[in-house]
Protein chains: 2
Amino acid sequence: MSDSSGSEDILLSAGIRPTQARMRIMNYLLTSETHPSTEELSLALRGTGVPIPAATLYQSLEKLCQAGLLIRFTGKDGQVRYDANLSVHHHMICRCCNRVCDIAIKNPLSRLGIINEKSGKPIDNWALDQAAIEVKGLCPDCVGK
Amino acid sequence: MSDSSGSEDILLSAGIRPTQARMRIMNYLLTSETHPSTEELSLALRGTGVPIPAATLYQSLEKLCQAGLLIRFTGKDGQVRYDANLSVHHHMICRCCNRVCDIAIKNPLSRLGIINEKSGKPIDNWALDQAAIEVKGLCPDCVGK
DNA sequence: ATCATTGCAAACTGTTTGCATCAAG
DNA sequence: CTTGATGCAAACAGTTTGCAATGAT
């Protein structure tokens, strides 16, 4: 079946059973450019065959996250989204079509020039080690409209 | 009553009625360092007098956001939070005590050096205009522990 | 007096859980 | 055969809405 391509091995090497639901989810996330919300995912999978019941979808996503195959994050809009790209990266969001693309930023913490809002002086008493960055604008497809 | 300090004028000049619930909410957010979630807010207000019923709290927060007095955002943890600091700013979060402090970053978009994750080349076909940045680490109080 | 706000209860939405059936190893 | 996954239905939590009572102007 076309659903089993590639994902089967990934699931097996993560030590979890390569079931229909999980493979379909992994396949979709691995091939899609976007980082779909649960609802978008449900809708998209309905288009590729039998719909996946809500309970199964949630359970499978939970399992895949636990297995370390997916990352779950919440966008600034409050939507929970899933991402099969495990490398550290950031997101670029189109405010028109809501597309979410991955971007890389080298040494973000040292570039940012973080300062105290009131004094304008650099923050030097915190031990910062991580940055989560979301940039917004218009994607190539929407910039013309 | 101690609740009316300052907030009354703010609500009046925003053109909405300075009611008890709204003043208590604004007062709390204006004086608190944190950016409370709905639940934290409800809990904190319960401590300052009569509890505010859920419906009223949600309705009031909605009104205050519409009036432009509050900003609503969703943290990476998925919690909806409110902020009375209207200036454009970013957040610094202590991973130990969860304190959220405001920070400023000048021209974040030009500093970041955003590149395509795969090619490593700069992104030049998007029209980016906004960045939301959350940095994490340990605050001065927790860095010693 | 008028109209917006409050606050209870009921409705709704997204997510989780119990459990019997089904599928993978 | 054994164990884990599925998927229905029911439970749940957070939020929103209908509407009568209340409060602000």
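Throughout, protein chains are lettered first and strands after them, A, B, ... in sequence-line order, and every chain is numbered starting at 1.
Within 4.0 Å (heavy atoms only), Ala21(A) reaches sugar-phosphate atoms of the nucleic acid but no base atom. Base engagement by Gln59(A) is indicated by at least one non-hydrogen atom pair under 4.0 Å involving a base atom.
A sub-4.0 Å separation between OP1 or OP2 of dA4(C) and a side-chain N or O of Thr19(B) is absent. Contact annotation: Thr38(A) does not reach the phosphate of dG14(C) (side-chain N/O to OP1 or OP2, under 4.0 Å). Remark: Arg17(A) is not in phosphate contact with dG25(C), judged by side-chain N or O atoms under 4.0 Å from OP1 or OP2.
The separation between Leu12(B) atom CG and dT25(D) atom C1' is 11 Å, rounded to whole Å. Glu39(A) places its CD atom 10 Å from the C1' atom of dT13(C), with the value rounded to the nearest Å. Residue Gln66(B) contributes atom CD, which lies 14 Å from atom P of dA4(C) at whole-angstrom precision. Rounded to whole angstrom, the span from the CG atom of Leu61(B) across to the P atom of dT5(C) amounts to 14 Å. Atom CD1 of Ile16(A) is separated from atom C1' of dG25(C) by 15 Å (rounded to the nearest Å). Atom pair Lys63(B):NZ and dA24(D):P shows a separation of 16 Å (rounding to whole Å applied). Going from atom CG of Leu11(B) over to atom C1' of dT25(D) covers 15 Å, rounded to whole Å. Atom CE in Met23(B) sits about 12 Å away from atom C1' in dG23(D), given to the nearest Å.
You'll find the side chain of Ile71(B) stays beyond 4.5 Å of the side chain of Cys65(B), heavy atoms only. Looking only at side-chain heavy atoms (C-beta outward), Ser7(B) and Leu30(B) come within less than 4.5 Å of each other.
Checking dG25(C), dT6(C), dG7(C) against every side-chain atom of Pro18(A), the shortest atom distance belongs to dG25(C).
Where Thr56(A) and Ala55(B) each meet DNA chain D at their nearest nucleotide, the meeting point lying more 5' is that of Thr56(A).
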>> side chain to side chain contact (heavy atoms under 4.5 Å, CB included), that's the test. Do Met26(A) and Leu11(A) meet it? Break it down for me.
In response: CA-CA 9 Å; Met26(A) 280 306 288; Leu11(A) 293 171; 4.1 Å; yes
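Between His35(B) and Phe73(B), the angle of the ring planes goes over 60°, which puts this pair in the perpendicular group of the 30/60° scheme.
Remark: the backbone N or O of Ser110(B) is not paired with any side-chain donor or acceptor of Asn107(B) at under 3.5 angstrom.
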